[in-house]
Structure formats: structure tokens, C-alpha cells
Amino acid sequence: MGAADRFYIATPIFYVNDVPHIGHAYTEVAADVLARWHRQSGVDTWSLTGTDEHGQKILRTAVANGVTPQEWADKLVESAWKPLLDTIDIANDDFIRTTEQRHETVVQQFLQKLYDDGFITEGEYEGYYCVGCEEYKQNDDLVDGVGEFAGQRVCAIHGRPIEVLKEKNYFFALSTFQQKLLDLYESQPDFIQPASLRNEIVSFVRRGLDDLSISRQSFDWGVRIPWDDSHVTYVWFDALLNYISAIGWGSDDENFSRRWPAVQLVGKDIARFHAVIWPAMLMAAGLQPPAKVFGHGWLLVGGEKMSKSKLTGIAPHQITEVFGSDAFRYYFMSAISFGQDGSFSWEDLSARYQAELANGFGNLASRVVAMIGKYCDSVVPAATDVTDADRRIEQVAADALAGAQRALEAFAIHDAIASVWTLVDELNGYLTEQEPWKVAKDPALEGRLHTILSTAAEGLRALAVLLSPVMPQATQKLWVALGAEAALGGLREQRIPDAARWGQLPAGAQTQPLGALFPRIEAE
RNA sequence: GGGGCGGUAGCUCAGCCGGUCAGAGCAGUGGACUCAUAAUCCAUCGGUCACGGGUUCAAGUCCCGUCCGCCCUACCA
């Protein structure tokens, strides 16, 4: 099976201790739209997401809450992360947790293989250790001391001097992969996208790589190092392996070779792990690197990256409760150039909802379905008197599809939506020009009336298919209202490449009343 | 300190290799229309493309400098 026939997309897995915010949701929605689009294009598609549950932070919060780390993780997965996927209507094929047996087994197998092949060596890790926190600190976590500790670097949390501690660690020979990585970036220029991120990564790798410490001795919430159970695996090394553990590496070779390699969708902050460490790990194990690492931008609130400490973090449900999940998906996918940072504001969301969804697409659906109800007894009419104006709609639909496919290939989700939207705009203009409400008054023009409404209904049929990956709920309602569910089968079974083929919605299909797809939202 | 990205109409942003590139959407204004969620359609107002130099026949578009903003600098999408 060729690369074009299959599509495996993976999101980063959520660190369970985080609080879900719209940034997490943004990544998920993007992956979901890409997956749904490919699936409906007839591509053998698999989409994966999940949770990252090991590490000291989780251990500590679990202890603070008086439960075991596993219980703590279980609780967060069920109360926060799986509900997030429902909130934004994600249709993932699998959900992997790093505490699952299927994952831990793979981590150990993988480590053992690298160890046996000489890619893992013993070394000594030297770091700043805060006794209060009971953990090693990065330089960022330190501040200048005051008072009796003036002149020293101290822990930002405890304000006390840190100790320099040494610990035996196992190291992954990352440094030996520098040239191989550079060769990869060179031979596969779109391995890292967008280009700005690629440049960043390339120059980072050129500066040289250190071996990576991949084990910890100071706590025990993690996957045991198979040949030395006094160590647990470094969380990132553990977490990255989810992308292959979930598809059966080491246990189901057939499925593994069917799915791998993956497109990795990541926030640009963790691109380094995915575009440097991860491919190196795979190379060490003799596996193909990911197909692509695509780094999307940040959601900015008030011009700055969202953050909890600045209280700009927004929970996805705050948005979906007001506007619905379709609007959430549409807004972030259409308003932001995928790959670049984008501003979020309630005002912008609200304005676009009103202008584009309620007044644009939603109202178009309303007026067409209402006219078929009113002038044609709720039966889709036949196009018997076709003019250039009607053919033009057909052409716009074909162009919209072609443009969307081109854009999607390049992961330009916003451009794909814009291309589809040309059909929304064209249909609204078409109705205004054709004035079916006037044509309806003259019995002699019945053929034209039917043709106009048939064309409009057919256009809506195409829109329902093309927009279903972005707005599964509204398009489903429209699909049923058009009588398409009964006449053509389920919306999800419709093939995107066929979406612009005219004349699919048969004359005689029974339409049903359609409530507002995107009801007006009164100002709060 | 080093690195990245950005500064284009009131707002959010397109503008790839320099030559209809001064644009889109929204907001504003005027008009048309009534099938529809007072919605749609047409027209229109609006910018010395951050600032200063330079290269060029020609520069938002390349080069240098300055100012401003954001981000990264090994474990936050």
C-alpha cells in the first residue's frame, strides 16, 4: 500500500496533570479534521491521541491528594481528558495511556533493544537538586537568593540553596545521530513543517547534540529500566514511544507496518522532541522516522501566549457551551492560518460565528430548505431547465473541491475551508439573482423554479459533505433535512472526492424542516 | 546573551522567487430585495505597507541599522 493510500496521524499525548485548555483542543481538532477528511477521501486512516501519565509531578500531586499515582491518573483521564474529546467532537480511532500494559511492554522492549545494540550507556548526571522539592532543577527554576542566601542561586519555590548532586543515569546516544538527522532534514525537506520551524530545528541540531539522560533514580513512578530496576524511564523517552506502542510495534507487525510512519502534529514548543529526539530513537531501533512533523502555532490571547499564570487559559467547554462544538472547530480551523500563531478573542469568535456561520452557511441552509418546503411540498425538485447560471454553481463546487483538496494536502486547513466557502457565498448570490420567490409566482416558470431549488439543494449537499470533517453536527442536521440520509445513506459514508459530482441528490427526496443550524446568540 | 517570528486599512490577517501587490474578511456608509436565523445581494469609505538608510530601471517584497511586540533557549497544545 502506497503512502498516499494511508494516513496515520498522531497528536501529542496530554500530560494528565495539565488542565485542558483551548490549546490542547486546537491540536486535537486539527488532527481530527485532517483524519476525517482523509477517511472520507477513502484513505486508510488512523488517528491516535492519549495521555502521558508518568513522572515526578504526577507522583507528587497524587501523594498530595492522598491517592496512588495510578488512581490519580485514572481520575484525571476520566474527568478531564476523555471529556475534552467529547466536548470538541473528536473521532479518534484509539486512545493510548502510557500506563497501559501494551505501552509499558513496548517501552521496555525498545529500551532493551537499544541497550543490546549499544545505543544506551551508563553515565553520570549532575544537576541542581532541591531537597525541599526532592527533585532536580533546571536553571530556569532557580532565582537569585536574598537575605542569608544572597549571592547564591536558590530554588524558586523554597528559596533555599540547591545542592549539586550526581546520580547514575543511563544515556541515549543522541549525539551520534547529529549527521543522520541533518541528512534526514536535507533529503526530506518537508519532514518538518512549516519551514520556519524546520530552520529552527536544523540550526539547533547543527550546534551539536548532547546525549540524553533517559533514566531517573530519584523517584519510581515510571517504566522500569528492564536491566536495572532501580531506575525508571525518563518521561519523554517513555511518552514518545506511544506513537508506535499504540499500533503494535513488537507485537503486531502487520498492523505496525500498515500504519507507520505517522504524521506528527505538535505544538511548536515540543517540536524538538518530535523532530530531533524521536527520529533518532527510531533510527537507533532501525525504524523509519515519522512521515512528517508539523508544528502548529500558538493561540494568543491579548497578543500573548495563553498561560495559566496570566489567567488567560480558557477551557474549551466555556466556548462550546455558548457556541457549540461545530463553531469551536470551525472558528479555530478557519480563522487561523494553520502553522502560524493566531489571536483568539471572544469578540472575533462571536463576530465570525454571526457573520459566517449564522448569516452565511446557516441562513443559506434555512432559506433553501424553507423554499423547497414552501414551493415544492418538501420534495426536492428535478432540474429540467438548466441555464448557465446553474452550470456556474456546478463549476464553483468543482473548483471549491479541487482547491480544498490541494490545500489539505499541504495541511493548509484554513485555505481548504476558504475554498469550500466560495460555494456558500456563490449560492447566496445565486439565490439573490435568480429570485426563486418571484419565479414561484408565475406558474409558467415552474421549470426554472425547480431547477433553481434543485441546484441550490445540490449545492448544499456538496457543502454538507465537504464541511462534515469540520462541522460534523451541523452538516448531519443539514444532511437529514435535505432528505439525503434516506436517499444517499449516511453522511460519513459520502466520499469527498465525489462531493462535486452533480445530480446526486435525487428528485423526489423528502426534505424535512430545518431549525437554525447556528442560532443567533444574544449578547451576554 | 544567543536564536526564531512578527510590526500592511478601525479589527483579524493574505501578499511565494522584487515589476496591476496596495488586497480579503469583519466593522462603517449608501442602495436593492424579502425565500431565510432583521438574514441575503450590490456599491462604497478607508492604508506615506513600524522607522532610517542602501541595492535596483523597479521594493511591503532583497540588504544593513534602529525601535516595538511575542516566543524559544532540552521536559506546557
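No hydrogens, no waters, no symmetry mates; every other heavy atom, side chains included, goes into these values. Here is the naming used below: chain letters follow the sequence lines, and residue numbers restart at 1 for every chain.
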Both distances under 3.5 Å, Watson-Crick or G-U wobble: report the partner of [N], or none.
N: B:A32; answer: B:U40
N: B:C49; answer: none
N: B:G25; answer: B:C11
N: B:C5; answer: B:G69
N: B:G18; answer: none
N: B:A74; answer: none

Whichever of A:Asp348 and A:Lys374 has its nearest RNA chain B nucleotide further upstream toward 5': A:Asp348
Of A:Phe361 and A:Ser337, whose closest RNA chain B nucleotide lies nearer the 5' terminus? A:Ser337
Distance in angstrom units between [X] [atom1] and [N] [atom2], rounded:
X: A:Glu356; N: B:G25; atom1: CD; atom2: C1'; value: 7 Å
X: A:Asn428; N: B:C33; atom1: CG; atom2: C1'; value: 13 Å
X: A:Tyr234; N: B:C75; atom1: OH; atom2: C1'; value: 4 Å
X: A:Ile336; N: B:C13; atom1: CD1; atom2: C1'; value: 11 Å
X: A:Tyr430; N: B:U40; atom1: OH; atom2: P; value: 19 Å
X: A:Glu435; N: B:C35; atom1: CD; atom2: P; value: 11 Å
X: A:Met371; N: B:A36; atom1: CE; atom2: P; value: 8 Å
X: A:Asp415; N: B:A14; atom1: CG; atom2: C1'; value: 9 Å

Could you tell me whether a side-chain N or O of A:Asn92 sits under 3.5 Å from a main-chain N or O of A:Leu48, the two making a donor and an acceptor? no
Check: A:Leu174 main-chain N/O paired with A:Asp211 side-chain donor or acceptor under 3.5 Å: yes
Describe the nucleic acid contact of [X] in one word from base, sugar-phosphate, nothing, applying a heavy-atom distance below 4.0 Å.
X: A:Asp210; result: base
X: A:Ala358; result: base
X: A:Gly362; result: base
X: A:Arg272; result: sugar-phosphate
X: A:Tyr375; result: sugar-phosphate
X: A:Ile277; result: nothing
X: A:Pro436; result: nothing
X: A:Phe14; result: nothing

Tell me whether the side-chain N/O atoms of [X] come closer than 4.0 Å to OP1 or OP2 in [N].
X: A:Lys57; N: B:C76; value: yes
X: A:Thr432; N: B:C42; value: no
X: A:Arg352; N: B:C26; value: no

If the [atom1] atom of [N] is compared with that of [M], how far apart are they to the nearest Å?
N: B:A9; M: B:C63; atom1: C1'; answer: 28 Å
N: B:G52; M: B:U61; atom1: P; answer: 13 Å
N: B:G28; M: B:C45; atom1: C1'; answer: 8 Å
N: B:C42; M: B:G47; atom1: P; answer: 24 Å
N: B:G46; M: B:U12; atom1: C1'; answer: 16 Å
N: B:C62; M: B:C17; atom1: C1'; answer: 11 Å
N: B:U48; M: B:C21; atom1: C1'; answer: 16 Å
N: B:A39; M: B:U29; atom1: P; answer: 13 Å

Considering only side-chain heavy atoms of [X], which listed nucleotide, [options], is closest?
X: A:Asn359; options: B:C75, B:U37, B:A74; value: B:U37
X: A:Val235; options: B:C75, B:C41, B:U37; value: B:C75
X: A:Asn363; options: B:A14, B:A36, B:U12; value: B:A36
X: A:His24; options: B:U37, B:A74, B:C76; value: B:C76
X: A:Gln340; options: B:C41, B:U37, B:A14; value: B:A14
X: A:Arg367; options: B:U40, B:C76, B:C75; value: B:U40

Approximate separation, where rounding is to 0.5 Å, of [X] [atom1] and [Y] [atom2]:
X: A:Thr49; Y: A:Lys82; atom1: OG1; atom2: NZ; value: 11.0 Å
X: A:Leu463; Y: A:Leu423; atom1: CG; atom2: CG; value: 4.0 Å
X: A:Leu357; Y: A:Phe323; atom1: CG; atom2: CZ; value: 10.0 Å

Any non-hydrogen side-chain atom of A:Tyr243 less than 4.5 Å from a side-chain atom of A:Pro12? yes
So, A:Ser213 versus A:Asn169: side-chain donor-acceptor pair below 3.5 Å or not? yes
As a test of the definition: with a 90° window around 0 for syn, would you call B:G4 syn or anti? anti
Hey, is A:Trp437 doing a stacking thing with B:C35, by the 5.5 Å centroid and 30° angle criteria? yes
Between A:Arg461 and A:Glu458, does any side-chain N to carboxylate O distance fall below 4.0 Å? yes
Ring pair (Phe, Tyr, Trp, His ring centres under 6.0 Å) partner of A:Phe172, chosen from A:Trp236, A:Phe177, A:Tyr234, A:Trp278: A:Phe177
